[in-house]
Amino acid sequence: MLLEKAYDPKRTEDRIYAMWEQSGAFRADAHSSKEPFTISMPPPNATGQLHLGHAVMLALQDIFIRFARMRGKEALWVPGTDHAAIATENVVIRQLKKDGMKDPRKELGREKLVALIADFVEQSRGTIRKQVRKMGASCDWSRERYTFEPALNRLVNEVFCMMHGDGLIYRGHRIVNWDPGLQTTVSDDEIAYKEETSPYYTFQYGPFQISTVRPETKFGDKYVVMHPDDERYTAFKHGDTFEAEWINGPVRATVIKDASIDMSFGTGVMTITPWHSAVDFEIAERHGLEKEQIIDEKGRLLPIAGEFAGMSIEKARPLVVEKLQSKILVVKVEENYVHNIATNSRGGGIIEPQIKLQWFIDVNKECVQWKNQTMSLKEVMHDVIHHGDIAIIPERFNRTYFHWIDNLRDWCISRQIWWGHRVPVYYCTKCAGAVSKPGEMTNDQFPMTKTFVSVQPMDRCPDCGGPVTQDEDTLDTWFSSALWTWSTLVDSKVTEDLSLSLEEMLAKSPDYQTFHPTAVMETGYDILFFWVARMILMTTYATGQIPFKTVYLHGLIRARDGRKMSKSHPETMIDPLDMIEKYGADALRLSMIVGQSPGNDARLYEEKIAGYRNFINKLWNASRFVLMQCEAAGVTPADCAMENEQWEMDALSLADRAILHATELLTEDVTKGLEEYRLSETGERLYGFTWDLFCDWYLELSKGTANTAVLVHVLRRLLTLLHPYCPFVTEELWAQVKPAEAGSLIKEEWPKMHSDWKDQEAFDQLQIVIDVITAIRKLRTEQNVEPQKAVAITIVAETQAGLLSSQSDHIKRLAKVSDLSIAVTGKQPTESASAFLPGIEMYLSLAGLIDKDKERASLQKEQEQLQRFVSGIQAKLGNEQFMSKAPAALISEQKAKLQEAEEKLRKIEERLGGLT
RNA sequence: GGACGAUUAGCUCAGCUGGUUAGAGCGUGCGAUUCACAUUCGCAAGGUCACUGGUUCGAAUCCAGUAUCGUCCACCA
């Protein structure tokens, strides 16, 4: 069957994908005796659209998993989606508001809103599934998971209870990042600082001058803080009080000395607002100072603001300044003060720090058993990277990771949104006022409540039988994502049995037993902290295992000009689905892999994708050529079985022996490259081999003298090696050339080396033939010989005459030579132009038409290059230090090169002398 | 303020543990259209490897510093 002239991915990809899926090729077996190899797919948001970030991750992981599968491992790639708590709730609420609802949370209530979001997710989840398939991802769909499914909820609750029991989870009044717009807390890592220019005010505050960009928070300020060593203020002692005229009348203020104050900044004095600033909060905690709330959760001023109460901060700010001005307390205003404001990276709302009662994970408490020691979560996280249990690629991210751990504060895990795993904690309404566990509450300004932490829903207080209420908060979405590598491997059925402990559930889950820890976690470096670090934290704690052995961090895909692709600049956006439609998934995959090194950003643009589309088409046409050769020879490709035939290497042509040798080398390089996760380099190697050696030389050389067995063998090998990179086209072509007994390529075994087929000498000899042909072509072009015109060539080659004679047909055909004479010795024919290779002289005879100027120019250029080279080597060899210190092999190599170059130079100079 | 990365051909990038006459793709110039492919083929032009020092027999590669760009972290009231 003859192939179409050009490859059409649209007629191939969906069909091939369906074939793979139906054949069960993606499915892994927990009871297999093969070595397991697992990847957990970072779950895309359930409501999302596939973007380039997903595309690159799918391409990389698919290469890893296909390679592992072909190498005979039990390869499992677990797909899934994320409920993306804040993001998803936002999307739905925004839509409801668009549809006319004023306050969806209030109007619908918790249950109805959550049900609506669940419906929405259910509907849109199918989109991403389809899109993942479009990329060719060979993941095991029978094991698809969802971060918010009941089984995972059970595990989330279980881990929460364990951690609470170990005192690693506590509830406390702490300063948190509050987003007044979204009405929820945000973790430290989700804060993005934005530069802003605002007026900067300096006020008189008693005997001091204090500065701020936020006058509206200053109502409750009654502490002035300065550095204990600040000589300007030695007159003031810690604890001194004084009276100051302030916004709403006189206040009594206290002097606090604290070493955290930067003396060189401004006046070196500041007032503090502990309720609305993390730094101030810490100072207040250190000195046991009072804290007062000034701004409410909606961002409005509280009664403490007096006449300003109820106003939004934006509205109050100028009015407060006005009032201070009227009291002549404004010392100066700097209009264009540049500072950073904290915003929520999801949604962009301005963050207003607040003291709130929240749930935290204690990262410093030493109570985790790890490697027979008791450590804190921080220490475990540090240990597994430090001791190489987990390797990060590229390694430099270790430093970033350690730095992050060093600065890590307790993780606030509660969120005041409804879409997510609910905090599994219950409060007795009757036992209110009683203290449940000592140390559970950290701030005794607030009343205590009897608290129960429970995996199973509770409705009665076990102590008094009174009614209980559940905690209103949900958990940070990363809490459940942090369990992903193993929670997805726990048998869903097992989680329904509430009598089982976590340990028992793990023991009863064959998938977990077989496939965890996973082999490699592949994700973008931008979520190293959010996710990778937290998986390490939670998984080591909960299961006693590391979640993965290798972390492969890919870079960001940027627009052609290096900018981040963003919705605000639609012209920079590349939609992977459009690109698949236009160029095919294989081309898109290659364009994102080759030229992209781990941890580094890479630019993508359409021409690049088109370039790889061309490559795919090249491969297609090479296969088409091989099939045509088989047809012409009356051979069925399926019957070709190089491996089973006893080939006498000597019976093969030079080109055959050389390509077999090169194919073995290629196989070695690709295998090693993929083992070492060097995907870009390996992709380039395959590209170059296919196009330059196989197509441009071997196929050309085989025209007229095709050895179909070798052709088919090399093509098969090439398809196999390329399959992880471009699975669709290779699978499609495989069907045409595969051995009769073979199945689909996805299940094919990775090639084994055949050292018998190595023949370095043949390869080197072919290289000489290639060089001769190229040199003749160059001579032709230089001498303006018309492409169709056949020429006469004389070759004088002392040692290689035999080789070149044996290949004279190839030289004649590929260099368009009609009259080729090859001799061991001889003189330059008259009326000819010359070119030289080591030990080989080539003369193009062209009676009366030789352009001597061009020949001279060409030879002179080469002469110059050679002279530079020769003098470079001579200097080296004349250097005693070099001769005594350089390795012997290098010296003899240099000597040989020198001799070769000198000889060639002599020939060129001889000829140049004859030209003048 | 701290850390990390980048700087190699017009553009986008390779170049692993120091020894190459520094590579690729795209683009450019010239030429080619029966016989796998114009999504093609042939030939060519194009680089003092950001700069300054150092280590070394030898540096694009290792070290130090400088400059420019980028990213992350911290955040100053």
Side-chain angles (χ1 to χ4, degrees), chain A residues 2-3 5-7 189 193 200 210-214 225 260-262 264-273 277-280 339-340 342 394 396-397 399-400 403-404 407 525-526 528-529 555-556 558 560 562 564 583 587 594-597 599-605 607-608 610-629 676 678 680-681 684 687-688 691-692 695-696 699-700 703 774 777-782 784 786-788 814-816 865-866 868-870 872-873 875-876 879-887 889-891 893-894 897 901:
Chain A
L2 216 55
L3 300 173
K5 243 182 139 168
Y7 172 59
D189 293 305
Y193 289 94
Y200 185 57
I210 56 148
S211 301
T212 183
V213 286
R214 306 214 45 196
V225 192
S260 71
I261 300 298
D262 179 358
S264 62
F265 188 85
T267 59
V269 178
M270 68 178 204
T271 62
I272 56 167
T273 314
S277 155
V279 176
D280 296 2
H339 65 128
N340 286 325
R396 64 184 152 87
F397 279 93
R399 282 186 71 138
T400 325
H403 182 256
W404 179 80
N407 292 297
Y525 65 78
D526 52 328
L528 178 62
F529 307 140
L556 260 49
R558 293 176 173 276
R560 182 205 303 273
K564 239 180 182 171
Y583 302 106
V594 181
Q596 160 110 348
S597 49
N600 291 329
D601 295 352
R603 305 175 190 211
L604 185 67
Y605 39 88
E607 296 95 298
K608 200 165 170 181
Y612 288 103
R613 183 267 321 264
N614 297 352
F615 171 72
I616 299 291
N617 192 56
K618 188 76 184 173
L619 180 66
W620 178 265
N621 271 290
S623 310
R624 186 164 181 257
F625 174 80
V626 172
L627 291 174
M628 288 169 93
Q629 295 303 313
E676 291 169 3
R678 287 181 285 116
S680 173
E681 198 186 327
E684 254 178 292
Y687 183 103
W691 203 311
D692 302 337
C695 290
D696 287 352
L699 294 191
E700 289 304 325
K703 280 177 184 172
T774 305
R777 282 173 177 170
K778 188 177 168 184
L779 259 184
R780 296 177 54 113
T781 307
E782 269 167 18
N784 291 325
E786 290 156 44
Q788 312 87 321
L814 295 180
K816 268 267 176 202
Q865 284 174 352
L866 272 173
R868 241 179 294 138
F869 180 60
V870 164
I873 293 194
K876 262 189 213 176
N879 184 327
E880 278 177 39
Q881 298 269 24
F882 176 77
M883 296 305 282
S884 60
K885 290 187 181 169
L890 183 70
I891 293 174
E893 185 194 312
Q894 296 285 317
K897 276 187 183 176

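Residue numbers begin at 1 in each chain, while the letters A, B, ... track the order of the sequences.
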Taking atom P in both rA22(B) and rA9(B), what distance in whole Å separates the two?
-> 14 Å
K618(A) NZ to rU40(B) P: how many Å, rounded?
-> 7 Å
Partners passing ring pair (Phe, Tyr, Trp, His ring centres under 6.0 Å) against Y200(A) (at least two apart in sequence or in another chain) = Y337(A)
Determine the contact category for G611(A): base if any of its heavy atoms lies under 4.0 Å from a base atom, sugar-phosphate if only primed atoms, P, OP1 or OP2 are that close, otherwise nothing.
-> nothing
Contact class for E607(A) (heavy atom, under 4.0 Å): base, sugar-phosphate, or nothing?
-> nothing
Reckon N614(A) has a side-chain N or O less than 4.0 Å from the OP1 or OP2 of rU40(B)?
-> yes
Check side chain to side chain contact (heavy atoms under 4.5 Å, CB included) between A278(A) and all other residues, then give those that pass, not counting sequence neighbours.
-> I175(A), R409(A)
Of the candidate nucleotides rU39(B), rC43(B), rC37(B), which contains the atom at the shortest distance from the side chain of A6(A)?
-> rU39(B)
Please determine, for the side chain of D262(A), which listed nucleotide (rG42(B), rC76(B), rA44(B)) has the closest atom?
-> rC76(B)
Student check: side-chain heavy atoms of Y525(A) and D601(A) closer than 4.5 Å | yes
Give the B/S/- string for nucleotides 15-22 of chain B, one per nucleotide from 5' to 3', where a protein heavy atom under 4.0 Å of the base yields B, of only the sugar-phosphate yields S, and otherwise -.
-> ----BSB-
For E681(A), all residues meeting side chain to side chain contact (heavy atoms under 4.5 Å, CB included), sequence neighbours excluded = R678(A)
List for me each residue that meets salt bridge (Lys or Arg N to Asp or Glu O under 4.0 Å) alongside E786(A), sequence neighbours excluded, and say none if there are none.
-> none
Quantified in whole Å, what is the C1' atom distance between nucleotide rG46(B) and nucleotide rG29(B)?
-> 11 Å
Between rC75(B), rU71(B), rA36(B), which nucleotide has the shortest distance from any of its atoms to the side chain of V279(A)?
-> rC75(B)
Using a cut-off of 4.0 Å on non-hydrogen atoms, how would the nucleic acid contact of N879(A) be classed: base, sugar-phosphate, or nothing?
-> sugar-phosphate
State, yes or no, whether a side-chain contact exists between K5(A) and R624(A) at a heavy-atom distance under 4.5 Å.
-> yes
Enumerate all atom pairs, one protein N or O and one N or O from nucleotides 2-11 of chain B, separated by less than 3.5 Å.
from: rA3(B); atom 1: O3'; to: R399(A); atom 2: NH2; distance (Å): 3.2
from: rC4(B); atom 1: OP1; to: R399(A); atom 2: NH1; distance (Å): 3.0
from: rC4(B); atom 1: OP1; to: R399(A); atom 2: NH2; distance (Å): 3.1

R603(A) meets the salt bridge (Lys or Arg N to Asp or Glu O under 4.0 Å) criterion, sequence neighbours left out, with none
Partner residues of S623(A) under the side chain to side chain contact (heavy atoms under 4.5 Å, CB included) criterion, sequence neighbours left out | L3(A), L715(A), L733(A)
L528(A) CG to rC73(B) C1': how many Å, rounded?
-> 12 Å
Looking at residues at least two apart in the chain, or sitting in another chain, which of them share a salt bridge (Lys or Arg N to Asp or Glu O under 4.0 Å) with K564(A)?
-> none
Aromatic ring proximity F615(A)/Y687(A), centre distance under 6.0 Å = yes
Ring pair (Phe, Tyr, Trp, His ring centres under 6.0 Å) partners of F529(A), counting only residues at least two apart = W404(A)
With P as the reference atom in both, quote the distance from rG18(B) to rU61(B) in angstrom, rounded to an integer.
-> 12 Å
With a 4.0 Å cut-off on heavy atoms, is D696(A) in touch with a base, just the backbone sugar-phosphate, or nothing at all?
-> sugar-phosphate
Report the distance from atom NZ of K5(A) to atom C1' of rU34(B), rounded to the nearest whole Å.
-> 10 Å
Listed partners of R214(A) passing salt bridge (Lys or Arg N to Asp or Glu O under 4.0 Å), at least two apart = E216(A), E352(A)
Pairwise 5' ranking along RNA chain B for H339(A) and K564(A), keeping only the more 5' one = K564(A)
Whole Å only: how far is the OH atom of Y193(A) from the P atom of rC75(B)?
-> 4 Å
Mind listing the closest non-hydrogen atom pair of G599(A) and F397(A) along with its distance?
-> CA-CE1, 3.9 Å
Rounded distance in Å between the P positions of rA67(B) and rA59(B) = 26 Å
Starting at atom CZ of R558(A), determine the distance to atom P of rU12(B), rounded to an integer number of angstrom.
-> 13 Å
Name the nucleic acid region contacted by T774(A), choosing base, sugar-phosphate or nothing; use a 4.0 angstrom heavy-atom cut-off, strictly under.
-> sugar-phosphate
Where are the stems of RNA chain B, defined as at least 3 consecutive Watson-Crick or wobble G-U pairs with both distances under 3.5 Å?
-> B:1-7 with B:67-73, B:10-13 with B:23-26, B:28-32 with B:40-44, B:50-54 with B:62-66
Comparing nearest nucleotides in RNA chain B, the 5'-proximal residue of the pair Y687(A), Y200(A) is Y687(A)
With sugar-phosphate meaning primed atoms plus P, OP1 and OP2, does V225(A) contact a base, only sugar-phosphate, or nothing at under 4.0 Å between heavy atoms?
-> nothing
Answer with base, sugar-phosphate or nothing: what part of the nucleic acid does L556(A) contact at a heavy-atom distance below 4.0 Å?
-> nothing
Do any side-chain nitrogens or oxygens of W691(A) fall under 4.0 Å of OP1 or OP2 in rU39(B)?
-> no
d(CG, N621(A); P, rA36(B)) in whole Å | 10 Å
Which part of the nucleic acid, if any, lies within reach of K816(A) when heavy atoms closer than 4.0 Å are counted: base, sugar-phosphate only, or nothing?
-> nothing
Record whether the side chain of N340(A) comes under 3.5 Å of the base of rC75(B) through a donor-acceptor pair of N or O atoms.
-> yes
